[in-house]
Amino acid sequence: MSLDPTDPVTISYAATSLLNEYQALVDARDIDGLAQIVHPDVELTRHDGTTHGSEAFLDLYRRFAASDVRDAQHMATNVVATTNDDGSVDVRSTFIAITTHASGGARQIWGRYHDTMARHGGRWVLTAKRIAVARTALLDDSMLAPVEIDTFGVIPR
């Protein structure tokens, strides 16, 4: 049985799957994997402007991989996928990312994604990634419990 690429349920599943794959690859610092899920002419828009092309896109994640981030966990929710007349799909979602850092502390970042995906090379890929960070909270080491703590028990302070 083949799936109908115009079916809203199929599109929603494909959009959510691509978004989850993107986040897992970012968290794993998997640049080669990220290269597989972006179009060669991908557009990346952030607070510092817009770039075009897969190398410019991957450069952002190369910087992330080289940073002092120890652990990263990106999570998206409220995913809404809308098919465009040209067959591409706009994907809007909210995200939260939590990172811990070798220099100490953690960051909690939240905002919105507005992505566009299209079929290319036999799969869905990102043709545009728009990241709008709403805020970033900085958490001091004193606010972080030890990793090995029993999360169901009393947390000593």
Side-chain angles (χ1 to χ4, degrees), residues 3-39 41-54 56-120 123-141 143-145 147 151:
L3 298 174
D4 178 1
T6 62
D7 174 57
V9 173
T10 300
I11 293 299
S12 180
Y13 178 78
T16 302
S17 294
L18 182 58
L19 187 55
N20 290 340
E21 184 177 8
Y22 157 79
Q23 292 180 125
L25 291 167
V26 170
D27 291 343
R29 297 168 185 83
D30 186 344
I31 305 304
D32 293 335
L34 285 165
Q36 300 303 307
I37 66 163
V38 297
H39 190 275
D41 297 323
V42 64
E43 172 188 297
L44 173 65
T45 302
R46 298 176 63 239
H47 67 89
D48 54 356
T50 299
T51 61
H52 293 87
S54 58
F57 178 92
L58 295 172
D59 281 347
L60 172 66
Y61 299 99
R62 288 182 184 112
R63 288 194 313 272
F64 177 77
S67 74
D68 81 331
V69 171
R70 276 196 188 142
D71 301 296
Q73 180 68 57
H74 287 74
M75 298 153 280
T77 188
N78 302 345
V79 180
V80 176
T82 307
T83 303
N84 299 313
D85 290 340
D86 65 359
S88 67
V89 176
D90 276 337
V91 184
R92 294 178 184 269
S93 61
T94 56
F95 74 88
I96 187 167
I98 301 169
T99 58
T100 60
H101 297 262
S103 58
R107 294 177 192 167
Q108 186 176 33
I109 306 106
W110 61 95
R112 297 185 183 278
Y113 293 141
H114 174 195
D115 303 328
T116 305
M117 65 183 208
R119 300 287 296 175
H120 180 76
R123 68 161 294 157
W124 288 103
V125 298
L126 292 170
T127 58
K129 180 83 184 156
R130 300 168 195 95
I131 305 168
V133 171
R135 291 301 298 256
T136 300
L138 304 176
L139 306 172
D140 188 78
D141 273 336
M143 298 176 75
L144 303 175
V147 173
T151 59

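We number each residue from 1, following the sequence as shown.
Closest non-hydrogen pair, Gln36 versus Arg123, comes out as O-CD, 3.8 Å. Residues Thr45 and Glu43 approach most closely at OG1-OE2, 3.5 Å, considering heavy atoms. Scanning all heavy atoms of the two residues, the minimum distance from Leu19 to Ala76 falls at CD2-CB, 3.4 Å. The two residues Arg29 and Val69 come nearest to each other via the heavy atoms NH2-O, 2.6 Å. Pairing each heavy atom of Tyr61 with each of Val26, the nearest pair is CE2-CG2, 3.6 Å. When all heavy atoms of Phe95 and Ala97 are compared, the pair lying nearest together is CD1-N, 4.2 Å.
For the pair Val133/Trp110, no side-chain contact is recorded, criterion being any heavy-atom separation below 4.5 Å from C-beta on. With contacts defined as side-chain heavy-atom distances shorter than 4.5 Å, the pair Phe64/Ile31 does not qualify. Side-chain contact between Met117 and Tyr22 is absent, with no heavy atoms from C-beta onward closer than 4.5 Å.
Stacking of Lys129 on the aromatic ring of Phe57 is not recorded, the 6.0 Å distance cut-off and the 45° axial limit not both being met.
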Go through the steps for Ile98 and Asp71 under the test side-chain contact (heavy atoms from CB on, under 4.5 Å), then give the verdict. CA-CA 8 Å; Ile98 301 169; Asp71 301 296; over 6 Å; no
Between Thr77 and Met75, is a side-chain contact (heavy atoms from CB on, under 4.5 Å) present by the stated rule, with each step listed? CA-CA 7 Å; Thr77 188; Met75 298 153 280; over 6 Å; no
Step by step, work out the side-chain contact (heavy atoms from CB on, under 4.5 Å) result for Asp59 and Arg62. CA-CA 5 Å; Asp59 281 347; Arg62 288 182 184 112; 2.7 Å; yes
Under the side-chain contact (heavy atoms from CB on, under 4.5 Å) criterion, do Thr127 and Val42 qualify, and how do the steps go? CA-CA 4 Å; Thr127 58; Val42 64; 5.6 Å; no
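Atom-to-atom distance recorded for Ile109:CD1 and Ile96:CD1 is 8.5 Å, nearest 0.5 angstrom. For the atom pair CD of Gln73 and CG of Asp27, the computed distance is 5.0 Å after rounding to the nearest 0.5 Å. Here Leu144 contributes atom CG and Leu139 contributes atom CG; the two are 6.0 Å apart, rounded to the nearest 0.5 Å. Distance CG/Leu138 to CD/Gln108: 10.5 Å, rounded to 0.5 Å. Residue Arg112 holds its CZ atom at 14.5 Å from CD1 of Ile131, rounded to the nearest 0.5 Å. Between Leu126 atom CG and His120 atom NE2 the span is 12.0 Å, to the nearest 0.5 Å.
Listed for the Ser12 side chain is no donor-acceptor partner under 3.5 Å among the backbone atoms of Val9. Counting only distance, with no hydrogens or angles, the side chain of Glu21 and the backbone of Ile37 share no donor-acceptor pair below 3.5 Å. Side-chain N or O atoms of Asn78 include none that pairs as donor or acceptor with a backbone N or O of Ser93 at under 3.5 Å. For Ser88 (side chain) and Asn84 (main-chain N/O), no donor-acceptor pair under 3.5 Å exists by modelled atom type.
His74 pairs by the ring pair (Phe, Tyr, Trp, His ring centres under 6.0 Å) definition with nothing, not counting sequence neighbours.
Counting heavy atoms of neighbouring residues, nucleotides and ligands inside a 6.0 Å radius, atom CZ of Arg130 exceeds 12 of them.
The side-chain contact (heavy atoms from CB on, under 4.5 Å) with Thr116 is formed by just one residue from the set Asp90, Val125, Val91; it is Asp90.
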